[in-house]
Amino acid sequence: MTTLVTGATGNTGRHVVAELVRRGEKVRALTRDPVAAAGRLPAGVETVFGTHTSPEGLGAALDGVDRMHVTVTAGAAEAGPELVRRAVEAGVRRITVVWGGWVGPVEQAVADSGVEWTRLEPQEFMSNTLTWIDSIRAEAVVREPYDFPSALVHEADIGAVAVAALLDDGHAGRVYNLTGPEALTTRERIAILARAIHRDVDFVAITHEQAVARLMAGGVSREDADYVIGWYADPPAEAGTVVDTVERVTGRPARTFGRWSADHADRFR
């Protein structure tokens, strides 16, 4: 059986690919740059050109695919339902989807698809910490507007849960809230990361508007920037509430932020 992974080199997609390969599965990786992706993905993965935001060009990519993993990203809301429709018509019978933060058109299309589906609702990704790289390298400083407890989840755990749902029975129609094993404030995360890189790192509070302006300077629209920083200003209760979903689904404890920091320490030095 073949599994198609969209966003195969992204934060979660690459972990889905790696876990499928580890379990001996046949994987087809959807990517805008198959040549570059081939050098970043495990040996034996079939790379195909395409994007889930342009499903009309995915006929060959969907040919012979039994299972599909979708990560909802910017631009997917409009095209995602068409992707799901084409996938089901092509013979896909099991779909996992990592939501985009709410149940939008893609998530609803998956739920209405008529095939087995599982929706993953991870809270804040540990990989969001990578936005601190430049300021830590240059100044040993992290600038953020809020300091609240976040039950961050490791991207590899999201991938592991996705693969369990793709390959194992008993997950159809399930919605999985995913967190790490602890809720950490921004200051606590900084302290853990500082120990991993053996360097003192300071926390500097900035205003809400400064945080919005920083995202917009990076090319994010005002609407999206307001949404992201608004989430940090008033996070849902789930964001700081630890759940054991990863362990229940995979049979092992969720990875800690300390482990994530050790794995990525060199990127901050």
Side-chain angles (χ1 to χ4, degrees), residues 5-20 22 69-74 76 96-104 106-107 110 117-133 142 144 146-168 171 174-193 196 227-232 234-265 267-268:
V5 179
T6 74
T9 59
N11 278 345
T12 58
R14 62 190 179 90
H15 290 290
V16 175
V17 170
E19 181 66 10
L20 285 166
R22 188 188 70 80
H69 176 76
V70 179
T71 301
V72 178
T73 58
T96 53
V97 57
V98 175
W99 76 338
W102 62 89
V103 178
V106 186
E107 294 86 347
V110 170
W117 61 270
T118 307
R119 184 167 70 243
L120 311 185
E121 299 185 352
Q123 298 306 315
E124 185 177 6
F125 290 16
M126 290 183 184
S127 60
N128 287 357
T129 308
L130 295 173
T131 60
W132 298 348
I133 285 178
V142 169
E144 292 294 346
Y146 301 107
D147 184 28
F148 71 95
S150 177
L152 304 103
V153 60
H154 198 300
E155 310 81 60
D157 285 335
I158 301 171
V161 172
V163 171
L166 285 167
L167 303 185
D168 304 332
H171 303 285
R174 300 289 185 88
V175 177
Y176 288 138
N177 174 28
L178 304 178
T179 74
E182 55 195 343
L184 300 169
T185 66
T186 303
R187 292 178 188 272
E188 288 171 334
R189 289 164 61 189
I190 292 170
I192 292 169
L193 183 58
Y227 171 79
V228 171
I229 304 304
W231 185 91
Y232 284 103
D234 186 23
E238 293 83 1
T241 304
V242 173
V243 295
D244 65 351
T245 312
V246 171
E247 185 167 7
R248 285 191 290 107
V249 174
T250 67
R252 55 155 186 77
R255 294 167 172 89
T256 66
F257 184 69
R259 176 172 175 177
W260 186 96
S261 297
D263 290 343
H264 295 273
R267 304 179 69 175
F268 292 87

Using side-chain hydrogen bond (donor to acceptor under 3.5 Å, both in side chains) as the criterion, list what pairs up with [X], not counting sequence neighbours.
{"X": "R259", "value": "none"}
{"X": "R119", "value": "E121"}
{"X": "T179", "value": "none"}
{"X": "T73", "value": "H52"}

Does [X] reach the side chain of [Y], with side-chain heavy atoms less than 4.5 Å apart?
{"X": "D263", "Y": "H154", "answer": "yes"}
{"X": "W132", "Y": "L193", "answer": "yes"}
{"X": "T245", "Y": "V161", "answer": "no"}

Straight-line distance of [X] [atom1] to [Y] [atom2], nearest 0.5 Å:
{"X": "T129", "Y": "I190", "atom1": "OG1", "atom2": "CD1", "result": "9.5 Å"}
{"X": "S127", "Y": "N11", "atom1": "OG", "atom2": "CG", "result": "3.5 Å"}
{"X": "L152", "Y": "W260", "atom1": "CG", "atom2": "CH2", "result": "9.5 Å"}
{"X": "I133", "Y": "H264", "atom1": "CD1", "atom2": "NE2", "result": "9.0 Å"}
{"X": "T12", "Y": "L120", "atom1": "OG1", "atom2": "CG", "result": "8.5 Å"}

Provide the closest heavy-atom pair for [X] versus [Y] in the form atom of the first, atom of the second, distance.
{"X": "A151", "Y": "V242", "result": "CB-CG2, 4.1 Å"}
{"X": "I158", "Y": "F125", "result": "CD1-CE1, 3.5 Å"}
{"X": "D147", "Y": "T186", "result": "OD1-N, 2.8 Å"}
{"X": "V72", "Y": "G100", "result": "CB-N, 3.8 Å"}
{"X": "W231", "Y": "A239", "result": "CZ2-CB, 3.5 Å"}

Side-chain (T118) to main-chain (T96) donor-acceptor, under 3.5 angstrom: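 Pair absent, no side-chain N/O of T118 close to backbone of T96.
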May I ask you to decide if W99's main-chain N or O and T71's side chain share a donor-acceptor pair within less than 3.5 Å?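 Not a single qualifying donor-acceptor pair exists.
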Looking at V153, D244, T256, which hits side chain to side chain contact (heavy atoms under 4.5 Å, CB included) with P181?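 Running side chain to side chain contact (heavy atoms under 4.5 Å, CB included) over V153, D244, T256 with P181 returns exactly one hit, T256.
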Scan for salt bridge (Lys or Arg N to Asp or Glu O under 4.0 Å) pairs involving residues 152-161, sequence neighbours excluded, and state none if there are none.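 Counting only pairs at least two positions apart or across chains, the salt bridge (Lys or Arg N to Asp or Glu O under 4.0 Å) contacts touching residues 152-161 are D157-R252, D157-R255.
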Pairs where residues 6-18 contributes a residue and the test salt bridge (Lys or Arg N to Asp or Glu O under 4.0 Å) is met, not counting sequence neighbours: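 Those involving residues 6-18 do not exist here.
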Set of salt bridge (Lys or Arg N to Asp or Glu O under 4.0 Å) partners for [X], sequence neighbours left out:
{"X": "D234", "result": "none"}
{"X": "R22", "result": "E19"}
{"X": "R174", "result": "none"}

Applying side chain to side chain contact (heavy atoms under 4.5 Å, CB included), name anything that partners P149, two or more places apart in sequence or on another chain.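 Once residues adjacent in sequence are excluded, the partners of P149 under the side chain to side chain contact (heavy atoms under 4.5 Å, CB included) criterion are A183, T185.
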Applying ring pair (Phe, Tyr, Trp, His ring centres under 6.0 Å), name anything that partners Y232, two or more places apart in sequence or on another chain.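 Ring pair (Phe, Tyr, Trp, His ring centres under 6.0 Å) check on Y232 returns F148.
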Partner residues of Y176 under the ring pair (Phe, Tyr, Trp, His ring centres under 6.0 Å) criterion, sequence neighbours left out: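 Per chain and number, Y176 pairs via ring pair (Phe, Tyr, Trp, His ring centres under 6.0 Å) with H171.
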Salt-bridge test for E124 and R189: reply yes if a basic N is under 4.0 Å from a carboxylate O, no otherwise.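 R189 and E124: salt-bridged.
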